[in-house]
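This report refers to the structure that appears directly beneath it.
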Amino acid sequence: MQVTTVLVGSLEALGELLAKGEVLDVSLGTDVVVVPTGAAFTGLTEAALELAAVFEVFGAKVEALMIGERAASFEPYFVERVKGADLVVLSDGSALHAKSTWRGTPVGDAIRTAPRLVAMGSCASVLGEVMIDPRGGAPTTGLGYRPGLAVGVQASEEQLTRTRTLLGSEVTLAVLGPRGVVHFDGATWRRASDDVIVTRGLEVVEL
């Protein structure tokens, strides 16, 4: 199975990516598991339905795992479904809640080892060794599931400047716009759309 991780800025960007079928290929019968943990405060069901609709257009078989709190991350059924799925999709939402729910749990370990993974919006930040705290833009410790890149979403120019200054030139930061897409093949990160700004410190660089 192809190893791939895709970070996207919005549902619209995900739909466009699936329609192209290049970076992310989903077809009839593809077993997709949606994990809407990040949306626990805004509505797990709504987030799951929105994501499922994007994949069902292409004939995928979609199941949402309602992992809204840490205790659910120890449920054997959820763990096995994440492990066995063709594609695991993490919804947008609260990065900090997702981090606390998955850290040091069997579901978290299954997400870490998933060969095909999609993460939406703010929750994409959780996957790196360094994540961006959405409350003020300061770097903090991520889950370390996908090393080599820190990921953020659009914020005020003041906050982004603060984030980039605090990260310094040692950490590569990719800021996803609404149409932003970043792809990781297990070895190399690459920008897969124009709506991504990559920096080290305050300098814009190529990914």
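Values reported hereafter were calculated over all heavy atoms of this structure, with side chains retained and with hydrogens, waters and symmetry mates removed. Position 1 is the first residue of the sequence, and the numbers go up from there.
- Under the 30°/60° scheme for interplanar angles, the aromatic rings of His97 and Phe41 are found to be tilted.
- Residues passing the side-chain contact (heavy atoms from CB on, under 4.5 Å) test with Glu80 are Lys83, sequence neighbours excluded.
- For Val196, the side-chain contact (heavy atoms from CB on, under 4.5 Å) criterion is met by Ala174, Leu176, Val182, Arg191, Ser193, Val198, not counting sequence neighbours.
- Atom CD1 of Ile197 has 12 or fewer neighbouring heavy atoms from other residues, nucleotides or ligands inside a 6.0 Å radius.
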Output, in order, the C-alpha distance, side-chain angles, deciding distance and verdict of side-chain contact (heavy atoms from CB on, under 4.5 Å) for Asp86 and Val32. CA-CA 6 Å; Asp86 296 327; Val32 177; over 6 Å; no
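- Side-chain atoms of Lys99 do not come within 3.5 Å of backbone N or O of Cys123 as any donor-acceptor pair.
- Residues Arg200 and Ser169 have side chains that never bring a donor and an acceptor to within less than 3.5 angstrom of each other.
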Take Phe55 and Leu87 through the test side-chain contact (heavy atoms from CB on, under 4.5 Å) and record every step on the way to the result. CA-CA 11 Å; Phe55 287 95; Leu87 178 66; 3.5 Å; yes
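- A donor atom on one side chain and an acceptor atom on the other are not found under 3.5 Å apart for His183 and Thr5.
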Which donor-acceptor pairs under 3.5 Å do the side chains of residues 62-72 make with protein atoms, sequence neighbours left out?
residue, atom, partner, partner atom, Å
Glu63, OE1, Tyr77, OH, 3.2
Glu63, OE1, Arg81, NE, 2.7
Glu63, OE1, Arg81, NH2, 3.2
Glu63, OE2, Tyr77, OH, 2.8
Arg70, NH1, Ser100, O, 3.0
Arg70, NH1, Arg103, O, 2.6
Arg70, NH2, Arg103, O, 3.0

Could you check Val82 against Ile111 for side-chain contact (heavy atoms from CB on, under 4.5 Å), going step by step and ending with a plain yes or no? CA-CA 7 Å; Val82 173; Ile111 292 170; 4.2 Å; yes
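- For the side-chain contact (heavy atoms from CB on, under 4.5 Å) with Leu117, the lone residue among Val6, Val35, Thr4, Leu127 that qualifies is Leu127.
- In summary, Arg146 and Glu129 do not engage in a salt bridge, as defined by a charged side-chain N under 4.0 Å from a carboxylate O.
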Run Arg179 and Asp194 through side-chain contact (heavy atoms from CB on, under 4.5 Å) and show every step you take. CA-CA 8 Å; Arg179 301 288 181 182; Asp194 292 335; over 6 Å; no
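- For Glu46, the CD atom counts as loosely surrounded, since its 6.0 Å shell holds 12 or fewer non-hydrogen atoms of other residues, nucleotides or ligands.
- The two residues Leu160 and Val153 have their closest heavy-atom pair at CD2-O, 4.1 Å.
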